[in-house]
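To keep things clear, I will list the structure first and then write my remarks on it.
To find a chain, count down the sequence lines: A is the first, B the second, and so on, and within it residues start at 1.
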Amino acid sequence: MSELAKAYEPQSVEEKWYAQWESAGCFRGVLPEGAASAASGGATSSDTGATAGCPHSIVIPPPNVTGVLHMGHILNNTIQDILTRRARQQGKAAIWVPGTDHAGIATQTRVEKKLRKEGKTKWDLGREGFIEEAKKWRDEHGGIILKQLRKLGASCDWDRTVHTLDEDYSRAVLAAFVELYQKGHIYRGKRMVNWCPKSLTALSDEEVIMKPQKGFLFKMKYEIAERPGEFVEISTTRPETLMGDTAVAINPNDERYKHLHGLHVIRPFPEAKIPFVLDEHVDMEFGTGVLKVTPAHDRADFEIGQRHNLEVIDILTPDGKVNCPAVEDLHGKDRFEARKLAAIKLEEMGLLVEREKYENNVGFSERADVPIEPRLSDQWWMKYPKIEEAKEVVRDGRIKFYPERWSKTYLHWLENIQDWCISRQLWWGHRIPVWYKKGLDRNELTDADLKDPSKVHVSVNGPADPDNWEQEDDVLDTWASSWLWPFGVFGWAADGDESKKAKALAELEFWYPTQALATGPDIIFFWVARMIMAGLEFMDEVPFKNVIFNGIIRDAQGRKMSKSLGNSPDPLDLIEKFGADGLRLGMLMIAPKGADILFSEDRVQLGRNFCNKLWNACRFRLMQEGEPGATTEAPAQRGSLETITARLESAKFDADDHAILAKLLQALSDYEASFESYEFNRTTDTLYNFFWNDFCDWYVEVSKSKADSEELRGNCLAIQDLCLRSVIQMLHPITPFITEELWSTFGYGDGFIHETKIPTSDELKAALAGVGVTLDQAAIVEVEKLQDFVNQARGLKAQYSLAAKNDVTFFLVADEADRVVVDSHKEKLRKLSKAGAIENRDDVQNMPAAVSQLGTIYLDLAGSVDVEAEIAKIEKELAGLDKAIKGTEAQLSNEKFVSNAPAEVIEARKETLANNKAKAEELRKLKAGLGG
RNA sequence: GGACGGUUAGCUCAGUUGGCUAGAGCGCCUCGUUUACACCGAGGAUGUCACAGGUUCGAGUCCUGUACCGUCUACCA
């Protein structure tokens with residue numbers, strides 16, 4: 001017999017098992033023999049999933065290669081691991097593909113920062129040198145996060161780790177670009193983009209986050225050119241751009257300014273005559289109703305400019321400094337500095353009317369955290385492919401969102417989708433596979449030029465005569481690589497020898513589409529929607545069948561986790577303190593379906609405590625076995641389902657035995673349902689209640705009464721084994737380490753726990769029936785009565801501060817039927833209520849009492865009863881009861897209820913009423929007996 | 001401005017097609033080391049289910065409106 005430590009100690013257990021799993025190749029996703037041809041049969045139902053060899057694939061949302069694990073990752077990856085481990089237990093071919101993202105802007109920024117510290121810039125190194133430096137940096141600092149995931153127990157197929165800049169993956173990225181280019185989905189064009197003056201690159205709309213900013217709304221006045229001395233007032237938050245103004249706009253319907261139509265104003269500096277233009281876009285209600293138009297530096301203004309053929313004057317440098325030599329005192333100044341100076345300048349000229357405090361929303365670069373600058377520039381754009389299909393697959397349920405409501409957000413975005421700016425002025429990334437003939441001026445390329453293969457070459461491998469060409473400098477948006485992830489990781493667009501291509505094809509055929517994607521709702525647009533479009537475009541099939549949105553982790557006060565607040569615990573510390581299993585379970589228990597999750601450490605304690613409880617229940621199981629006369633099988637023989645069920649002796653089953661197994665079946669079935677709907681909080685709830693309340697608090701306690709009986713012990717231990725084995729199996733996906741340890745300790749299977757198929761509730765039921773055990777559902781009711789009896793008895797004792805005393809005597813006044821029940825369970829009732837004796841009586845006077853479902857229990861106090869307290873207690877209970885009785889009676893006498901409500905509801909109501917009435921009557925008798 | 005979500009015990013949240021005297025965990029109070037577990041056990045207190053209407057035999061659950069909170073979205077300078 002093994003001896004277990006008194007408390008569960010996760011550290012050594014976790015290390016031991018993870019190493020064993022890895023070296024045994026447990027996580028490897030291997031194509032079953034002949035899998036590709038089987039999968040192409042098409043009809044394999046992976047949703048029912050019971051078929052052996054049936055594929056269950058998940059691809060990780062690739063974290064930034066240089067990132068570190070935070071609480072959000074913990075939740076997200078725990079979910080993926082649970083799904084993968086469960087799939088293995090179901091006998092499916094399961095795979096979880098890990099990988100990392102090169103994170104273009106983030107990584108480049110960090111490498112540049114490092115260079116700056118060394119007094120260098122990227123220009124000193126040149127493009128090639130810089131990329132080498134970045135790779136070095138990536139390889140040094142990168143991949144930490146994947147190591148950390150191992151600590152969590154993540155069962156990824158590490159041999160397949162993919163990085164978005166890997167050769168094969170890069171090839172896929174370029175191939176996708178080329179294909180879309182050829183189909184006419186990609187074009188180059190001069191447009192307004194979100195320009196990041198810090199990273200010096202364009203950004204997609206999704207990378208811009210709006211933040212409220214405190215500033216000023218300046219009211220200034222421009223003189224009407226045709227009417228000297230007459231002015232119009234204009235409100236602006238950005239006076240520093242007025243050098244770029246090429247018009248002022250008013251709404252054509254604005255009566256106040258009709259007299260100005262066709263006139264001009266004087267722009268103060270550099271002084272120029274600029275026209276009034278009439279544009280519906282101008283909001284008459286806002287400010288003075290006059291809008292300065294700066295086509296080069298504002299999106300809306302740009303559009304107005306287009307409509308009215310206005311000149312575009314760019315007065316900012318790419319890094320956000322004023323570029324306007326004509327205004328000496330502003331030239332070269334930073335945009336924010338220039339804003340102040342421009343206001344002062346206006347004031348000096350007597351043109352500043354007012355300056356009021358003002359808060360407005362300003363777009364910030366998500367990565368660099370500086371205000372973006374709308375800027376006209378040449379960029380590459382993508383018209384998204386398969387937009388309509390992408391909507392359709394979510395509407396018709398080919399892809400299901402959990403919770404479902406996120407599909408609204410998704411659809412809304414697709415309705416209003418804009419072309420995607422996919423070029424970035426960076427070096428770290430996939431360089432756009434476009435080559436221009438040497439000598440061409442790229443700024444002057446016409447649409448016709450772009451389509452002329454003698455001038456512009458687009459291919460994965462580049463032109464045959466590279467010396468005559470120059471490659472595009474821009475790289476692709478990182479998301480324009482990760483949107484291919486669900487098939488890119490399996491070698492899509494593989495190049496090389498035939499066997500490599502064939503392997504990729506077979507892999508894709510088997511693993512694609514993936515089963516589920518677990519991610520945060522914050523990247524629905526960035527990633528989820530784009531992957532769906534890419535999947536439909538390149539694979540002609542959705543990339544995943546289910547999308548599980550996990551909530552955003554916040555701290556206990558509901559604030560976002562952030563480095564600056566210091567409210568983000570290091571997951572590794574938590575693992576150190578509470579164990580990976582505890583952390584996983586704790587996260588899952590508090591993870592409601594897709595809402596925000598408020599995290600605090602005591603949640604993880606819950607998980608840890610649960611593990612310890614499981615540990616001790618198992619420990620107790622082993623201790624029981626050590627008693628004389630116990631079964632003496634060696635551990636390896638204790639365990640298989642067949643061995644255990646063979647030890648059951650159905651003839652010896654009492655109500656508790658029936659009830660615990662019936663509840664076990666119910667728990668298993670609830671557990672299965674919770675996985676179907678990805679309601680993991682339900683999963684943990686089910687396990688927690690069954691294991692802690694039903695099994696530990698009741699059945700194990702009941703077992704203690706049977707321990708002395710050689711006749712009953714064997715069957716009782718077999719039932720404990722069945723429950724423990726099942727709980728361990730059910731828990732395994734959630735808490736893999738402790739369950740593996742216990743699995744091997746008990747010898748419940750021959751190998752690793754996941755190698756043994758978990759029986760379904762139906763299979764378990766059948767296995768029981770196979771050995772003659774059919775469960776009596778009525779036993780559950782009987783056990784509930786026993787529990788009520790014990791609760792009432794304990795309550796009585798506690799009321800008189802005798803909870804700890806174990807030699808009190810209870811007198812029971814009950815009818816014949818209840819007496820029989822009590823008598824047949826008397827020993828355990830006595831033990832559980834910690835009584836010296838339970839004696840039957842026909843009548844008892846002057847003792848505190850409680851009315852249980854098995855009769856009225858009196859506590860023998862040898863006459864010293866606190867009458868007033870007793871009466872108060874009874875009255876309180878009666879009040880609640882009477883309220884309920886009245887309600888039910890009213891309902892039952894309501895003819896409409898009786899004729900409309902379903903029969904079972906009415907029956908249940910009648911039964912409740914009868915029970916309540918009986919109890920109330922009993923209580924009244926008691927009260928009368930006390931003189932109340 | 002639009003869309004979506006939330007409002008249930010001191011705290012965090014369950015509550016699945018309307019059908020219990022509305023639940024759990026934590027926290028709090030009392031008691032306790034009895035054949036696992038103090039990371040535990042026993043007992044206890046605690047609710048106008050945000051508010052106002054409506055539908056229904058019956059509403060925490062459905063409908064309408066209001067208030068507050070949150071998230072996403074939007075070119076009001």
For A/Lys704 and B/U34, give me the distance from atom NZ to atom P, rounded to whole Å.
12 Å
Can you tell me if A/Lys797 uses its side chain to pair, donor with acceptor, with the backbone of A/Ser833 under 3.5 Å?
yes
What contact category does A/Thr912 fall into here, base, sugar-phosphate, or nothing, at under 4.0 angstrom with non-hydrogen atoms?
nothing
So, is A/Lys797 close to the B/A42 phosphate, meaning a side-chain N or O under 4.0 Å from OP1 or OP2?
no
When rounded to whole Å, the CZ to P distance for the pair A/Arg554 and B/C11 reads 19 Å
Whether A/Trp406 contacts B/A3 is assessed here as follows: a side-chain N or O lying under 4.0 Å from the phosphate OP1 or OP2. Is that the case?
no
Do A/Lys613 side-chain and B/C39 base share a donor-acceptor contact under 3.5 Å?
no
Can you check whether A/Asn609 has a side-chain N or O nearer than 4.0 Å to OP1 or OP2 of B/C37?
no
Does a side-chain N or O of A/Lys876 approach OP1 or OP2 of B/A45 to a distance below 4.0 Å, or not?
yes
Any A/Tyr358 side-chain nitrogen or oxygen under 4.0 Å from OP1 or OP2 of B/A77
yes
Give a yes/no answer on whether the side chain of A/Asn681 brings an N or O atom under 4.0 Å of OP1 or OP2 in B/C13.
no
So does A/Asn360 get a side-chain nitrogen or oxygen closer than 4.0 Å to the phosphate oxygens (OP1/OP2) of B/A77?
yes
Write down the distance between CG (A/Asn361) and C1' (B/A77), rounded to a whole number of angstrom.
13 Å
Classify the angle between the aromatic ring planes of A/Phe691 and A/Phe610 as parallel (below 30°), tilted (30 to 60°) or perpendicular (above 60°).
perpendicular
Any side-chain donor-acceptor pair under 3.5 Å between A/Gln624 and A/Ser703?
no
Would you mind reading off the distance between A/Glu679 atom CD and B/A14 atom P, rounded to a whole angstrom?
11 Å
